[in-house]
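Here is the structure we will look at, set down as structure tokens.
These numbers come from the heavy atoms of this one structure, side chains and all, not from hydrogens, waters or symmetry mates. For ligands, and for the atoms within them, numbers begin at 1 and follow the listed sequence.
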Amino acid sequence: MENLKIKSQILVESLPYIQKFHGKTVVIKFGGSTMKDKESEDSVIKDIVLMKLVGMRPVIVHGGGKDINNMLERLNIEPKFVEGLRVTDKETIEVVEMVLAGKINKNLVNKIQLENAESVGISGKDCRTLMCKKNYANGKDIGYVGMIEKVNNHLLRSLIDNDIIPVVAPIGTDIEGNTYNINADTAASAIAASLKAEKLIYLTDVDGIYRNFPDKDSLISKLTLESAKALLDEGTLTGGMIPKIQNCIESLENGIDNIHMINGNIEHSLLFEIFTDKGIGTMFTQK
Ligand SMILES: Nc1ncnc2c1ncn2[C@@H]1O[C@H](COP(=O)(O)OP(=O)(O)OP(=O)(O)O)[C@@H](O)[C@H]1O
Ligand SMILES: [Mg+2]
């Protein structure tokens, strides 16, 4: 009986959130870091399908750093990074595209469809969704790494309007047809801005941003635009967290008010974040 009461309380608590987000676009950055075990991946997919079934319009943008590294290792190609950004030569970009737009993208599409929702996997090349130019890291040439110049969102909009969950691999192109690897956080934030998303959620493998990583007691539950900029300037963030916070800052500046970073490896963290009153992870706000 007690159990039933708790379950019904949870459903009642979710009602205002279901109403608030009905018909709204929610962009979910599915970090490659959260795809390492089948259980957390399945739990994220189930949560996204549930979001869709209660009337939200989810869009998934995925990463895949670890799978790319594994494949490069198998092919004896050494991965290199500059300030969290991959150095991508001609040989590497072929592998990056194969892994992101092939293996990872279609695996996610397949899993969504096994939960009886429809999904289409695209890369930013399809319908020139993500148009890029070459990105330089502090003036350094890092190869086929793209900086997004324009999002053409008509393909995404038509998929969403047809009740299909789009899954986007962060690969871009330019007018000459070159292939670029784009940081998945950047792709998610640009797509969220272009679709005027109600919410942007970064699923990663840590509980949020720590002031002194990895000191568990230093988790930051809320960052304003100003404090996020100050934290970035402190220079304590490393690796993949640098582009992540830069993108949160840019998304806030682009008018997305509802940005969250949560741990995708905690089962159903996404449902918890969206449908309950309890805040988890790190939330970004304008003020
Ligand atoms: N201050 C910090 N707080 C939290 N994590 C931090 C911090 N500084 C660095 N990190 C690192 O950032 C990592 C998350 O970024 P990372 O790019 O590795 O994952 P992701 O973006 O979720 O996955 P992918 O890049 O494959 O899509 C954490 O695992 C952690 O090691
Ligand atoms: Mg990353």
For atom 18 (O) of ligand 1, what's the nearest protein heavy atom and its distance?
G240 CA, 4.5 Å
Nearest protein heavy-atom contact for atom 1 (N) of ligand 1: which residue, which atom, what distance?
Y210 O, 2.8 Å
Taking atom 10 (N) of ligand 1 as the reference point, the nearest protein heavy atom with its distance:
M241 CB, 3.6 Å
Ranked by distance from atom 4 (C) of ligand 1, the top protein heavy atom is G208 O, 3.3 Å
How far is atom 28 (C) of ligand 1 from its nearest protein heavy atom, and which residue and atom name does that atom have?
D205 OD1, 3.4 Å
For L237, the atoms of ligand 1 under 4.0 Å from one of its heavy atoms are 1 (N), 2 (C)
Does an N or O from G32, backbone or side chain, lie closer than 3.5 Å to an N or O of ligand 1?
yes
Starting from atom 25 (O) of ligand 1, locate the nearest protein heavy atom and write down its residue, its atom name and how far away it is, to 0.1 Å.
K29 NZ, 4.3 Å
Measure the OG1-CD1 distance between T88 and I142 for me, rounded to the nearest 0.5 Å.
7.0 Å
Indicate whether any N or O donor in one side chain lies under 3.5 Å from an N or O acceptor in the other, for Y180 and D174.
yes
What part of T204 sits under 4.0 Å from ligand 1 if we count only heavy atoms: the side chain, the backbone, both or neither?
both
Donor-acceptor contacts, no H, no angles, side chain residues 95-105, under 3.5 Å, sequence neighbours left out:
unit_1	atom_1	unit_2	atom_2	d
E97	OE2	K125	NZ	2.9
K103	NZ	D67	OD2	3.2
N105	ND2	H62	NE2	3.2
N105	ND2	I122	O	3.2
N105	ND2	V167	O	3.2

K90 versus I93, closest heavy-atom pair with distance
O-CG2, 3.1 Å
Heavy-atom proximity to atom 19 (O) of ligand 1, best of S33, P170, S218:
S33
